[in-house]
Amino acid sequence: MKIFTSILTALFFTGLLAAGSAVAENHTVDARGLKFMPMNIHIQPGDTVYWENMMTHNVNMLENLIPEGTEAFTSPMSENINHTFEKEGIYIYQCDPHIGAGMGGAVIVGDPVNLEQIKSQDVSGGLGRVVDEAIEFAEGL
Ligand SMILES: [Cu+2]
């Protein structure tokens with residue numbers, strides 16, 4: 001009976017751990033000057049990212065720089081926003097008024113499944129720098 005109880009206890013805690021890892025997390029990205037901090041962030045499917053301090057900024061996820069089948073998303077100017085990510089992959093975004101200065105970032109959800117697709121895009125200037133940083137970050141995961 002004692003062994004049986006131990007097994008039940010072990011199963012119970014294993015279940016708790018499994019449930020714990022499935023709980024969605026919240027992450028914060030802070031707009032500081034003309035930079036998003038952190039610029040690249042790695043999260044899990046179901047997690048939410050909150051962009052704060054967005055007075056003169058926005059988040060515009062670019063159609064060819066997000067996972068296939070995902071809807072492009074643009075936030076209104078000057079609003080702090082939440083976005084929940086369900087699908088794995090790399091999501092690159094820019095701040096529309098400041099992308100020339102390189103103001104953008106990436107959210108990498110689970111595995112960077114669309115890395116090759118993103119590498120194949122011909123981007124330059126401020127957005128090119130954002131994409132290069134995202135690729136380097138994704139390759140380091
Ligand atoms: Cu901006």
Side-chain angles (χ1 to χ4, degrees), residues 2-141:
K2 202 168 177 208
I3 289 173
F4 182 68
T5 309
S6 307
I7 290 172
L8 270 188
T9 307
L11 279 177
F12 177 73
F13 282 108
T14 308
L16 271 189
L17 279 178
S21 66
V23 168
E25 282 184 49
N26 295 312
H27 309 264
T28 301
V29 174
D30 190 21
R32 268 187 234 160
L34 297 183
K35 263 191 178 309
F36 289 111
M37 301 286 287
M39 187 175 179
N40 296 288
I41 188 168
H42 187 215
I43 69 172
Q44 294 307 316
D47 287 1
T48 297
V49 177
Y50 176 64
W51 280 267
E52 67 174 11
N53 203 19
M54 295 291 284
M55 281 87 101
T56 59
H57 312 290
N58 80 334
V59 168
N60 180 4
M61 290 183 191
L62 303 157
E63 217 166 292
N64 52 351
L65 297 172
I66 58 178
E68 221 176 295
T70 313
E71 226 172 291
F73 157 85
T74 307
S75 76
M77 276 299 300
S78 309
E79 275 184 28
N80 293 350
I81 47 135
N82 279 307
H83 192 74
T84 301
F85 295 81
E86 303 291 353
K87 225 179 151 192
E88 282 196 313
I90 303 169
Y91 297 72
I92 291 175
Y93 64 90
Q94 67 179 30
C95 166
D96 289 324
H98 303 128
I99 188 56
M103 188 172 193
V107 178
I108 291 140
V109 183
D111 287 332
V113 291
N114 55 337
L115 181 59
E116 291 311 312
Q117 144 79 9
I118 282 176
K119 279 181 168 178
S120 73
Q121 299 297 313
D122 186 20
V123 281
S124 56
L127 182 60
R129 296 201 297 279
V130 171
V131 169
D132 286 347
E133 293 259 3
I135 290 169
E136 203 179 309
F137 180 84
E139 284 178 338
L141 290 176

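Counting from 1, the numbers follow the sequence of the chain as shown. From a predicted model like this one, the values you see are computed outputs, not experimental measurements. Heavy atoms only: backbone and side chains are in, while hydrogens, waters and symmetry mates are out. Order of listing sets the numbers, starting from 1, for every ligand and every atom in it.
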The reported gap from CD in Glu63 to CD in Glu68 (rounded to nearest 0.5 angstrom) is 11.5 Å
dist His98:NE2 -> His57:NE2 (nearest 0.5 Å) comes out at 6.0 Å
query = Any donor and acceptor pair, going by atom type alone, linking the side chain of Asn60 with main-chain N or O of Thr74 inside 3.5 Å?
reply = no
Check: Checking Thr48 side chain against Asn82 main chain: does a donor-acceptor pair fall under 3.5 Å?
Finding: no
Just distance, no hydrogens or angles: give the donor-acceptor pairs under 3.5 Å from side chains in residues 31-43, sequence neighbours left out.
{"residue": "Arg32", "atom": "NE", "partner": "Asp30", "partner atom": "OD2", "Å": "2.9"}
{"residue": "His42", "atom": "NE2", "partner": "Gly110", "partner atom": "O", "Å": "2.9"}

Report task. Taking the side chain as every heavy atom from C-beta outward, state whether Val123 and Leu62 have any atom pair closer than 4.5 Å. Result -> no
Ignoring waters, protein N/O/S atoms under 2.8 Å from the Cu ion (ligand 1) are His57 ND1, Cys95 SG, His98 ND1, Met103 SD
